[in-house]
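Please read these numbers as outputs of a predicted model, since none were measured by experiment. Naming convention: chains lettered A, B, ... in sequence-line order (proteins, then strands); numbering from 1 in each chain.
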Amino acid sequence: SQQGEEDPQALSIQEGENATMNCSYKTSINNLQWYRQNSGRGLVHLILIRSNEREKHSGRLRVTLDTSKKSSSLLITASRAADTASYFCATDVDSSYKLIFGSGTRLLVRP
Amino acid sequence: EPEVTQTPSHQVTQMGQEVILRCVPISNHLYFYWYRQILGQKVEFLVSFYNNEISEKSEIFDDQFSVERPDGSNFTLKIRSTKLEDSAMYFCASSGPVGEKLFFGSGTQLSVL
């Protein structure tokens with residue numbers, strides 16, 4: 001598998017429910033970031049978690065990182081229709097000048 | 001919040017033609033990037049640029065591609081002789097320190113006919 005794979009590929013939930021997306025990666029990292037992309041638009045940074053952190057919160061977002069399993073999860077609580085977008089994890093690999101993006105999860109929040 | 005701006009938003013070109021995609025990164029940022037996204041697929045790294053030289057490039061970034069920061073504010077991506085498979089959305093991004101959050105432009109949709 002490639003560095004940065006999200007699952008599920010697509011997720012459809014009802015407004016008010018929680019959405020959980022997972023990301024797995026292969027190599028050691030400095031940090032892991034989550035981005036959001038509305039259809040056909042640029043990516044917007046949501047949250048960054050460093051390799052020595054296990055959990056981070058920002059508003060309705062909660063990110064966890066398990067470096068032993070090389071995985072991260074993004075939880076969006078109390079989802080809204082406006083949360084409908086694609087969500088990507090991105091890893092900052094040691095000694096690298098790039099972020100590597102995963103394949104993304106397409107989230108649909110039904111009103 | 002400061003923004004990365006990209007022009008044009010859409011570019012249509014004939015196969016074999018040269019195109020230049022333009023970007024104005026955030027003014028105090030030091031690291032600059034180009035990514036591309038073929039419709040419905042993942043965001044692929046092309047190149048990173050720091051201190052007026054390429055820091056890292058991917059296998060996609062072959063001899064047909066070049067980047068330049070001609071005047072201290074603009075950051076350009078040139079594709080010398082476009083191919084059909086170069087059709088994609090091209091995103092410019094910039095960051096302050098390396099590895100920190102990237103600020104993305106809204107992209108240039110390149111269509112090669």
Side-chain angles (χ1 to χ4, degrees), chain A residues 1-7 9-10 21 23-53 56 58 61 63 65 74 85-106 108, chain B residues 1-7 9-10 21 23 25-26 29-51 53-61 67 88-111:
Chain A
S1 66
Q2 300 175 54
Q3 177 83 348
E5 295 225 352
E6 282 98 327
D7 82 271
Q9 290 186 326
M21 289 158 264
C23 169
S24 60
Y25 58 92
K26 297 182 75 175
T27 63
S28 63
I29 60 171
N30 293 320
N31 66 58
L32 185 144
Q33 304 179 31
W34 285 90
Y35 287 79
R36 166 193 167 127
Q37 184 182 37
N38 285 11
S39 179
R41 307 292 299 274
L43 291 94
V44 176
H45 181 267
L46 295 175
I47 197 164
L48 181 155
I49 187 165
R50 301 191 188 281
S51 59
N52 61 352
E53 296 175 310
K56 205 157 182 183
S58 175
L61 305 180
V63 167
L65 179 64
L74 170 68
S86 291
Y87 292 82
F88 295 87
C89 68
T91 49
D92 171 41
V93 178
D94 287 347
S95 304
S96 168
Y97 289 88
K98 64 190 179 197
L99 286 185
I100 303 174
F101 283 81
S103 46
T105 293
R106 293 188 312 279
L108 172 65
Chain B
E1 192 169 54
E3 286 185 344
V4 174
T5 55
Q6 288 186 245
T7 54
S9 56
H10 292 85
L21 309 182
C23 170
I26 293 170
H29 281 182
L30 301 175
Y31 293 85
F32 314 112
Y33 311 83
W34 284 100
Y35 285 82
R36 79 173 187 189
Q37 185 179 34
I38 295 170
L39 185 63
Q41 298 187 24
K42 67 192 301 180
V43 178
E44 300 175 294
F45 169 77
L46 293 179
V47 66
S48 57
F49 192 85
Y50 169 72
N51 202 24
E53 60 183 27
I54 290 173
S55 309
E56 195 157 350
K57 60 184 181 179
S58 71
E59 292 176 355
I60 303 168
F61 194 90
V67 289
M89 180 75 90
Y90 287 80
F91 292 107
C92 173
S94 67
S95 67
V98 67
E100 296 296 307
K101 79 184 230 187
L102 265 55
F103 290 78
F104 280 84
S106 53
T108 294
Q109 179 64 56
L110 176 65
S111 299

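- Atom OH of residue A:Y97 and atom OG of residue B:S48 lie 8.0 Å apart, to the nearest 0.5 angstrom.
- The nearest pair of heavy atoms linking B:E100 to A:N31 is OE2-ND2, 4.3 Å.
- Residues of residues 41-51 of chain A placed with any heavy atom under 4.5 Å of a heavy atom in chain B are listed by number as A:R41, A:G42, A:L43, A:H45, A:L48, A:R50.
- Summarising the geometry, atom CG belonging to A:N38 is positioned 12.5 Å from atom OG belonging to B:S106; distances are rounded to the nearest 0.5 Å.
- The environment of B:K57 atom NZ is sparse: at most 12 non-hydrogen atoms of other residues, nucleotides or ligands sit within 6.0 angstrom.
- For CD of A:Q9, the number of neighbouring non-hydrogen atoms (other residues, nucleotides, ligands) closer than 6.0 Å is 12 at most.
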Trace of the side-chain contact (heavy atoms from CB on, under 4.5 Å) decision for B:V43 with A:Y35: CA-CA 11 Å; B:V43 178; A:Y35 287 79; over 6 Å; no
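- For a heavy-atom cut-off of 4.5 Å, chain A lies close to B:Y31, B:Y33, B:Y35, B:Q37 in residues 31-39 of chain B.
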